[in-house]
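The structure under discussion appears below in the form of structure tokens.
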Amino acid sequence: MSLFGTTSGFGTGGTSMFGSTATDNHNPMKDIEVTSSPDDSIGCLSFSPPTLPGNFLIAGSWANDVRCWEVQDNGQTIPKAQQMHTGPVLDVCWSDDGSKVFTASCDKTAKMWDLNSNQAIQIAQHDAPVKTVHWIKAPNYSCVMTGSWDKTLKFWDTRSPSPMMTLQLPERCYCADVVYPMAAVATAERGLIVYQLENQPSEFRRIESPLKHQHRCVAIFKDKQNKPTGFALGSIEGRVAIHYINPPNPAKDNFTFKCHRSNGTNTSAPQDIYAVNGIAFHPVHGTLATVGSDGRFSFWDKDARTKLKTSEQLDQPISACCFNHNGNIFAYASSYDWSKGHEFYNPQKKNYIFLRNAAEELKPRNKK
Amino acid sequence: MGRKKKKQLKPWCWYCNRDFDDEKILIQHQKAKHFKCHICHKKLYTGPGLAIHCMQVHKETIDAVPNAIPGRTDIELEIYGMEGIPEKDMDERRRLLEQKTQESQKKKQQDDSDEYDDDDSTASTSFQPQPVQPQQGYIPPMAQPGLPPVPGAPGMPPGIPPLMPGVPPLMPGMPPVMPGMPPGMMPMGGMMPPGPGIPPLMPGMPPGMPPPVPRPGMPPMTQAQAVTAPGILNRPPAPAAAVPTPQPPVTKPLFPSAGQAQAAVQGPVGTDFKPLNSTPATTTEPPKPTFPAYTQSTASTTSTTNSTAAKPAASITSKPATLTTTSATSKLIHPDEDISLEERRAQLPKYQRNLPRPGQAPMGNPPVGPIGGMMPPQPGIPPQQQGMRPPLPPHGQYGGHHQGMPGYLPGAMPPYGQGPPMVPPYQGGPPRPPMGMRPPVMSQGGRY
């Protein structure tokens with residue numbers, strides 16, 4: 001039932017801004033298509049922080065490049081600049097002032113890209129591909145945190161070649177998120193560790209995973225006072241766990257929900273279960289979006305514990321997503337994530353990044 | 001959570017054997033999972049009610065209750081919450097629970113010790129969830145050596161082992177394992193239950209412990225709860241939380257409270273978490289361990305539904321859509337191997353072609369001499385990475401520690417003399433550069 005791998009002729013579709021060809025499924029939601037999208041799968045997306053006027057989108061891809069577009073209010077996307085790594089780019093993030101972009105790559109390095117001068121320099125080195133990169137801005141320090149498959153988490157002052165600190169991870173780092181003063185890192189073998197970043201980063205707690213399958217993505221959420229209070233963790237088994245760090249009643253407050261599964265007919269057709277490739281929280285509403293290998297995105301309200309919306313199915317998995325700083329734009333990337341192995345990879349198939357207006361659809365439901 | 005005697009233990013669903021805290025939640029569950037019309041999604045009250053609805057409204061017959069385990073699919077049985085459950089099934093259930101509590105106690109102690117990855121240190125054994133908790137409650141009064149009230153976790157580890165034995169003493173035949181633990185502990189009202197399970201944990205505990213005593217209905221920690229110090233949630237995993245911070249209790253406001261700078265950040269410690277042990281933090285429930293993780297799930301998914309998070313009822317959401325189809329087989333759309341999709345993909349030669357040669361070497365430290373490619377430090381590594389399908393000639397890369405990673409590590413793709421074929425345009429960066437890399441950072445850098 002899935003459409004992956006079908007070489008739909010439209011794969012190489014053109015440059016229409018609004019991919020609205022009704023005949024193919026590459027953009028069933030009729031969202032805005034970003035121009036000049038990367039030539040290989042997009043692994044990560046990130047919008048500029050509020051300190052920059054306007055919206056700038058950064059995408060890292062398996063073609064080893066990192067691209068930057070300006071997204072205008074009318075939906076137009078203008079490619080601005082590009083940098084290269086020597087290996088696929090796995091993660092990107094912005095500095096808090098919007099002047100630098102940090103990129104992490106399979107080439108075992110992380111780079112800092114100064115947008116004003118359009119120069120990129122290496123600021124981190126690991127023994128294996130760097131899977132995550134995050135900028136930490138604390139009152140008394142600032143640094144870049146990189147998580148790698150070499151089982152370490154390193155913190156870098158970008159002016160020095162040696163890390164400020166190295167923390168050992170139980171396993172390869174698969175995903176991480178930082179919302180000061182909290183950082184959450186999920187590793188292979190279902191490892192899950194929370195760090196507190198005040199003063200200096202230190203391990204806060206190792207948590208027994210609420211999920212039974214491989215961890216794939218994690219996103220921290222905040223409470224009403226805008227302080228990080230928990231995180232959402234997605235696995236390859238179509239499930240997301242909502243976990244609070246210090247809930248009044250963990251049994252009731254923490255929960256998991258299923259998502260990104262094919263419906264299967266009511267009775268006995270086997271159900272296809274897809275990986276959750278990304279989770280992002282709306283910066284204003286606190287509701288969340290998940291994107292999966294099934295080629296759909298869904299919006300959820302974790303407090304009302306309901307689903308707000310599920311999209312139509314795209315013809316490729318959705319590999320990454322993110323919100324812009326004010327929550328008006330939801331960006332998601334449609335490209336192959338390898339969920340069906342090498343056989344279903346079609347290098348000719350075009351990779352897309354879509355932008356959707358997110359102001360309305362992510363409003364929370366009233367608690368029932 | 002208490003209510004042991006309620007309707008024979010906690011309310012449970014006859015159709016799928018899941019446990020619930022409350023009958024109301026059980027009923028909600030039944031309505032949503034078993035009595036819901038698959039055509040119009042209307043929720044009925046009972047099985048026969050659903051059958052009648054489907055017949056009258058949709059002209060369709062159904063012969064089995066949706067999402068029910070085999071043997072419990074009878075559509076004619078009128079069951080509502082806990083009412084209507086045939087007596088023999090009730091008995092069976094009670095028996096099962098008793099067995100389970102015994103086993104699970106023993107097992108749990110063991111499993112937990114393996115499971116918990118608590119911040120290094122911590123002899124996990126000392127923190128077995130169940131046993132620990134109960135004891136803590138008593139410990140304080142008992143001048144236990146090294147056993148400050150639970151909240152004081154940090155001190156615990158050393159003291160705990162002795163504690164544990166404490167419980168056993170209660171059990172008949174338990175040798176005086178606990179120094180200082182007056183045998184009078186017995187009266188720990190209800191603490192005992194954990195007793196039988198503890199022995200296995202205790203290092204050196206004579207296996208002879210008479211495990212049998214099935215403390216009836218020992219719902220983990222229920223009794224203990226009263227005993228344990230406040231703030232220790234009885235969640236079995238909870239102790240794990242406590243475990244993590246053996247260090248001196250540094251108070252760190254931590255997230256929720258924000259603010260408060262601390263000095264000495266030492267590890268975990270917790271701010272409000274402070275008590276560390278307090279709050280469970282560790283997620284929900286015990287089950288888990290046994291999960292093969294990354295299996296192709298068939299059926300594992302269904303079981304997951306049951307075990308997820310403590311509250312099955314909580315597994316929410318999705319009101320509409322994604323109705324899990326009964327317990328039918330399900331298939332994980334993911335390659336079989338236990339590695340992430342990115343790792344798998346990165347192993348392909350196509351994505352390794354431009355990786356920097358080993359010259360870069362691990363470190364970031366001082367400008368390593370070796371730049372410029374040479375197989376620095378680890379010449380002998382090859383074997384490690386091997387095993388990965390990718391043809392890549394793994395020689396020399398570093399560090400291989402990752403299982404599964406082999407592929408790229410080697411990066412040493414000799415073919416391209418230097419990674420950068422593509423890099424040129426962007427200077428500044430090329431990792432390789434003469435100069436030991438980093439330095440460039442400094443110089444140009446400045447900017448940052």
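In what follows, chains carry the letters A, B, and so on, assigned in the order in which the sequence lines appear, proteins first and then strands, with residues in each chain numbered from 1. Small disclaimer: the values here were computed from a predicted structure and weren't measured.
With sequence neighbours excluded, the residues that form a ring pair (Phe, Tyr, Trp, His ring centres under 6.0 Å) with A/W62 are B/Y351. Qualifying salt bridge (charged side-chain N to carboxylate O under 4.0 Å, His left out) partners for A/D65, counting only residues two or more places apart in sequence or in other chains: A/R67.
In plain terms, the two heavy atoms of B/P335 and A/S339 that are nearest each other are CD-O, 3.3 Å. Across all non-hydrogen atoms, the minimal contact from B/D338 to A/Y174 is O-OH, 4.2 Å.
For A/N116, no part sits under 4.5 Å from any heavy atom of chain B, backbone or side chain. Only the side chain of A/K131 comes within less than 4.5 Å of a heavy atom of chain B; its backbone N, CA, C and O stay farther away. For chain B, the nearby parts of A/S41 are the backbone and the side chain; heavy atoms of each come within less than 4.5 Å.
A heavy-atom distance below 4.5 Å is found between the side chains of B/L332 and A/I236. B/L341 is listed as a side-chain neighbour of A/R216, based on a closest heavy-atom distance under 4.5 Å. At a threshold of 4.5 Å between non-hydrogen side-chain atoms, the residues B/H334 and A/H213 do not count as touching.
The cationic group of B/R345 lies under 6.0 Å from the six-membered ring centre of A/Y345 and within 45° of the ring axis, placing it in a cation-pi geometry.
A distance of 6.5 Å separates CG in A/L90 from CD in B/E342, rounded to the nearest 0.5 Å. Rounded to the nearest 0.5 Å, atoms CH2 (A/W338) and CD (B/E343) are 14.5 Å apart. Here CD1 of B/I333 is found 10.0 Å from CD of A/Q271. Values are rounded to the nearest 0.5 Å. The line from NE2 of A/H342 to NZ of B/K350 is 9.0 Å long, rounded to the nearest 0.5 Å. Annotation: the span from A/K258 atom NZ to B/S330 atom OG amounts to 9.0 Å, rounded to 0.5 Å.
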